[in-house]
Structure formats: C-alpha cells, structure tokens
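One structure is given here, and the rest of the page talks about it.
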Amino acid sequence: MSSPPRFQAPTGTLDVLPPASARWEQLLAAFATTAGRAGYGLVINPMFEDIGVFLRGIGEGSEVVTKEMYEFRDKGDRHMALRPEGTASVARAFIQHRPGLPFKAWYATPAFRYERPQAGRYRQHHQLGLEAFGVEDPEVDIEVISLAVEFYRALGLSRISLKVNSMGDETCRPAYVELLRVYLSQRADRLCDEHRTKFELNPLRVLDCKREECKSATEEAPALTAHLCEPCRIHHSAVLSGLDDLGVGYSPEFRLVRGFDYYTRTTFEFAAEALGTAQNAAGGGGRYDGLVESLGGPATPGIGFGLGIERLLLACDAEGAMSESTSGLDAFVIDVVGGRSATLITHELRAAGLRVDRAFDGRSMKSQMKAADRSGAAVAVIIGEEEAAAGVATLRPLRGEHEQVKVPRAEVAEAVRRMGRVEARP
RNA sequence: GUGGCCGUAGCUCAGUUGGUUAGAGCGCCAGGUUGUGGCCCUGGAGGUCGGGGGUUCAAGUCCCCUCGGUCACCCCA
C-alpha cells in the first residue's frame, strides 16, 4: 500500500506523538505551576529575530552563534535567525515593551542549532526557562536556582547535581582573564593540542576543556572566585549562603564556564548524573547584568535559567521518573445501531466533564469492545437494539470488580462517574 | 565539520558460500462467538530489502556513491 516515505522529519528533529507526548504536557504543566507560583508570567515570543539580537546578545565569542545558528534572508532582505536559545529574545521584548520592574517571565520555546545530532542533542530542541529582569539582589539568584531545583524535584528526579560559579563583572573579570592568560602561557606546552595555540583567544574556555592535558595543567590555576572585586565577592557569598540556608546542595566549580558571552556574576549548571551519555547538562543559567544594555536598552540587571525538554526526558527515563500514564479516558461509547446514539451520548458525557471516546464506521460489537479495551477507558457504555428500544444504556466496567448494569439514558453520566471513581486506576 | 557502527513489514528481528514467488513474532483488520474486550484458534492486509549506480547468468547478500539513523569528538539543553 505504502511506498517508502518521500518526506521525513529533517535531520536532528523529532516528532512527538501520543502517547509519548503526554509527558510533554505534564512537563509543561509542572513548569507553569512552579514558575507561576513564584510570580513568573508566560511570555510568548517570535522564533526568529533580527540576527543582531543574537549576535549582540549572546555574543560572537559563542560557538552557538558563530557556527550553529540557522540564519536566512527574508523576502524583504532582512537578515534573520532562528532563535538558538530563549534569553536574548526575551531581553529584546523587555526592551521593546518596558514592562514594570521586576519583570519575571517564563517561556517554552523551540530552539535551533545546526549541529550533528547525537544522544540528547538535536537541531531543534525545546527549552523551558524563566527570567527575572531588574533585580540586582542576590536573593533573586537564590530564587531562580531554587525554582529549578524545585522543578526537578516535582518531576521526581533525584540524581541532579548543581555546580555554581561566579563570572565576576567588567570590573574584576578582565584582570582575572589577564592573570589566567599569564598562568596558561607559562604552561602552554602542557595544554591539549587545540588549546596550546589558541588559549589566548578565550583563556576561560581552557578551564572548561575536557581533555586530560588541560585538566591537569589548570588544576592549580587561579580561580575567578578568588579574584572577584568586593561587590562581586559579597554577591557571590550571599548566593552561596542562601543556597545553604535553603538546604540546596551544590558544589562550587571554578571551571564552570558557560557558552554564552552575556553571563556576569552567578552562573550555574545542572547535570543529570543518571545519564551515561556525553550530553548530560540538564539545565543551567546565570546572571546577565550587561545583556539588556548590550541590546540597546537601559542598564538593567537580570538572571535566568533554562533547560532542554528532550534531554530532561532522557534523564527521567534513566531514573524511571515520570513514566508514561494511561489514556485516562472515563468511558468509551459502543453503538451498534448506527452510530448516532454514540454521537449524542459522547456529546452529553463530555459536556458533563467526562473524558470520552467512541468508535466510528459502524464496526462490529466485538471490534468496538476491543477498541474500548485498548483505549484504556474505565467503562464501556453500550447501546444495542435492546438499549435503544428501552431508552437505557448498558455500562460494562472494563477494569475492576463492578457488575455490568443497565441505567436510564438520563443517568449515564452519573453512573459512569460512580463506576470510575470506585475503581482506583493505577 | 571529523570519525566508528547500523539501515529487510507500523515495531523488534531472521534470511546459509550470491541461487526460484523475501520470512517470523508483536501490532493491525476480519472470522470462530449474528449482544460483550482481555486468553485461544483460523484467515487476511501490509515490503520497489533506505535511494541510485556497478559487478554477475543471478544481488537483501559483493563494490561505489548518496540519504537517513546512532554513538563519540567538538559544542551545548
């Protein structure tokens, strides 16, 4: 019947179909709840922007921007790009609309990066994130980090580790980078092949290098956290003590260098320890006090957090968290007298707030019963010749110990509710 | 962008040293059971063997190219 598919999802993209998509719904609902409870409102943003938003926002020192961005010219010859992450365009919207401060927002968005796909890495992935603009107080850093922790916990994930660092600011970072540059130049021969010649470009990257040579060469390297200016030092220690006070476990990690240029002061990253794959970052974020200004807005501090849905679900799989649930249908209507009764009854039951499906195409009772069984519904509502003549419906429980009963048409909704409630569904 | 491994039915796979009309299990549809799902039995639908080219009397099987998947590097969610 079918020839080989002419079209398929582009490399590195994913189709998420039911029933697997049910977990996406749960995940989104859980995130909306966590963020909403803390006063963060949903922001819906374009998936593409003038490319400058990302070049100036995320920065040209980031490979996500220089090598991986989907860029194009539209029919008006505007140079656009698909968003590679969420924060820069939320910042752009903040500048454009000037909402009152603090501006606390959350988002769910696809993100696009042209890379070779592998476990937990796609060309289109989906991010959940939240941002707080206009607050310099370290207490908001603690809020953002703890909301992330709370979200992981809400999903039932336990093997998530947290690393925290500070990137300093424009006062203390340049001096530190120079210090690191000198340190590295004295040990250049011990660095990995790539960084031996390129460490000058971005010395911070060497700290993050996974190769053994770089790791051992930087073991004794000066830490930025030890060279922060006084305001950054006070900020950083307030964040750490706040996490302590909330009982949030973390490890300080002076090697933690995140991929976007906009970070200042607090940066953090969550790793899913249950994932044995190379891509185990389950989320991360940090403070970006210079971002709004670099996009042409008023100097406004900010901090945010983002995570990738696909990767988070892999972590859930690895931990056995958030397993797929059944359909949750309350009833399945079977009609062997033409199908119109099913139309009327499903309509009534749905209006009564029940979740109800049915079969079409006038199939045999046996076939409809099979469909009812497969649907996961708790109860089959059967209309045959007898029921149609008598103005009743037969209710047959599909799980559990109830007896099959006949009820008047007007009482079907109530009877379905009764039958479904008593049987605890797994 | 670089490298390893892998592409046979919707899914998981078998297919001998190249040898007739390519198989199984699960799933799907129908029947056994003309008013009852799950278990069982029977039957059916479903494949241009990822695509293209080549070698050969003969290719799912060998060779080349290509597309896709997967894992790793790199980078990150």
Side-chain angles (χ1 to χ4, degrees), chain A residues 1-14 17 58 61-69 83-87 108-129 148 160 192-195 198 202 205 208-211 256-260 269-272 275-285 305-315 332 334-337 359 361 363-389 393-400 404 406:
Chain A
M1 178 177 77
S2 60
S3 37
R6 232 185 307 271
F7 301 113
Q8 50 187 312
T11 297
T13 66
L14 229 45
L17 274 45
I58 300 168
S62 154
E63 297 206 352
V64 165
V65 163
T66 55
K67 290 167 60 177
E68 300 173 359
M69 205 149 58
R83 65 184 354 185
E85 57 97 47
T87 301
T109 181
F112 305 87
R113 297 177 196 173
Y114 191 89
E115 320 173 73
R116 278 289 282 275
Q118 68 187 77
R121 191 175 77 182
Y122 305 95
R123 289 188 177 171
Q124 176 178 341
H125 74 282
H126 297 79
Q127 293 194 355
L128 295 171
I160 301 285
C192 75
D193 293 345
E194 187 196 339
H195 285 124
K198 290 206 288 187
N202 189 350
R205 279 253 79 91
D208 206 32
C209 181
K210 284 181 207 146
R211 295 180 193 282
L256 175 60
V257 176
R258 297 196 33 89
F260 304 146
E269 202 166 278
F270 294 94
L275 288 179
T277 52
Q279 318 297 327
N280 73 342
F305 159 75
L307 62 86
I309 293 179
E310 290 85 349
R311 204 174 283 180
L312 196 60
L313 287 173
L314 290 177
F332 193 98
I334 288 164
D335 176 352
V336 289
V337 292
D361 292 333
R363 303 210 285 176
S364 70
M365 171 165 288
K366 174 171 177 160
S367 165
Q368 293 192 49
M369 281 298 294
K370 279 185 151 186
D373 187 46
R374 272 194 302 258
S375 77
V379 180
V381 176
I382 303 169
I383 304 294
E385 303 286 354
E386 275 176 39
E387 288 86 352
T394 294
L395 266 60
R396 178 176 178 80
L398 295 171
R399 344 243 154 240
Q404 177 169 321
K406 280 191 163 64

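Scope of the values below: all heavy atoms of this structure, side chains included, with no hydrogens, waters or symmetry mates. Every chain is numbered from 1, with letters handed out A, B, ... down the list of sequences.
The base of B:C74 lies outside donor-acceptor range of the side chain of A:Arg211, with no N or O pair under 3.5 Å. Side-chain to base pairing of A:Arg311 with B:C76: one donor and one acceptor N or O lie within less than 3.5 Å of each other. Side-chain atoms of A:Arg116 and base atoms of B:C73 include no donor and acceptor less than 3.5 Å apart. Interface remark: the A:Arg113 side chain does form a donor-acceptor pair with the B:A77 base, using a distance-only criterion of under 3.5 Å. Under 3.5 Å, the side chain of A:Gln404 and the base of B:G35 form no donor-acceptor pair of N or O atoms. With hydrogens and angles ignored, a donor-acceptor pair under 3.5 angstrom links the side chain of A:Gln118 to the base of B:C74. At a cut-off of 3.5 angstrom, the base of B:G37 holds at least one donor-acceptor pair with the side chain of A:Arg396. Taking 3.5 Å as the limit, the base of B:U36 and the side chain of A:Gln368 contain no donor-acceptor pair of atoms between them.
Using a 4.0 Å heavy-atom cutoff across all strands shown, A:Ala282 reaches sugar-phosphate atoms only and no base atom. Contacts of A:Glu115 with the nucleic acid, taken as non-hydrogen atoms under 4.0 Å apart, include base atoms. Nucleic acid contact for A:Glu387: base, since at least one base atom lies under 4.0 Å from a heavy atom of the residue. Counting any heavy atom pair closer than 4.0 Å across all strands shown, A:Lys370 reaches sugar-phosphate atoms only and no base atom. Looking at heavy-atom distances under 4.0 Å, A:Gly86 makes no contact with the nucleic acid at all. Residue contacts shown for A:Phe260 are limited to sugar-phosphate atoms, with no base heavy atom under 4.0 Å away. Residue-level contact check: A:Ala372 touches neither bases nor backbone, having no heavy atom under 4.0 Å from any strand. Counting any heavy atom pair closer than 4.0 Å across all strands shown, A:Ser62 reaches no nucleic acid atom.
Rounded to an integer number of Å, the gap from A:Glu63 CD to B:A77 P is 13 Å. The interatomic distance linking A:Glu85 (CD) with B:A77 (C1') rounds to 11 Å, in whole Å. If you take CD1 of A:Ile383 and P of B:U36, they are 16 Å apart, rounded to a whole angstrom. Straight-line distance from the CG atom of A:Asp193 to the C1' atom of B:C74: 14 Å, rounded to whole Å.
Residue-to-nucleotide proximity on RNA chain B shows that, of A:Ala281 and A:Lys406, the 5′-proximal contact is made by A:Lys406. Mapping A:His195 and A:Ala9 onto RNA chain B via the closest heavy atom, the residue that lands nearer the 5' end is A:Ala9.
For A:Gln124 (side chain) and A:Gly12 (main-chain N/O), no donor-acceptor pair under 3.5 Å exists by modelled atom type. Between the A:Gln368 side chain and the A:Asp335 main chain, a donor and an acceptor come within less than 3.5 Å of each other.
Between A:Lys370 and A:Asp373 no salt bridge is recorded (no basic side-chain N to carboxylate O distance below 4.0 Å).
Between the C1' atoms of B:G4 and B:A77, the separation comes to 25 Å (whole Å). For the P atoms, the distance linking B:C49 with B:G23 amounts to 14 Å, nearest Å. With C1' as the reference atom, B:G27 and B:A45 are 13 Å apart, rounded to whole Å. For the C1' atoms, the distance linking B:C11 with B:G7 amounts to 15 Å, nearest Å. Nucleotides B:C65 and B:C71 have their C1' atoms positioned 23 Å apart, rounded to a whole Å. Using atom C1' as the reference point in both B:C57 and B:G10, the two lie 37 Å apart (nearest Å). Taking the C1' atom of each, B:U8 and B:G1 are spaced 32 Å apart, rounded to whole Å. Nucleotides B:A22 and B:A58 have their C1' atoms positioned 16 Å apart, rounded to a whole Å.
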> Can you list the steps and then say if A:Leu398 with A:Met369 is a side-chain contact (heavy atoms from CB on, under 4.5 Å)?
Replying inline: CA-CA 9 Å; A:Leu398 295 171; A:Met369 281 298 294; 4.1 Å; yes
> What do the steps show when you test A:Leu14 against A:Tyr122 for side-chain contact (heavy atoms from CB on, under 4.5 Å), and what is the final call?
Replying inline: CA-CA 8 Å; A:Leu14 229 45; A:Tyr122 305 95; 3.9 Å; yes
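Under the 3.5 Å distance criterion, with hydrogens and angles disregarded, a donor-acceptor pair is assigned to the side chains of A:Gln404 and A:Arg396.
Taking CD of A:Glu310 as the start and NE2 of A:His125 as the end, the distance is 7.0 Å to the nearest 0.5 Å.
Contact annotation: A:Arg374 reaches the phosphate of B:C28 (side-chain N/O to OP1 or OP2, under 4.0 Å).
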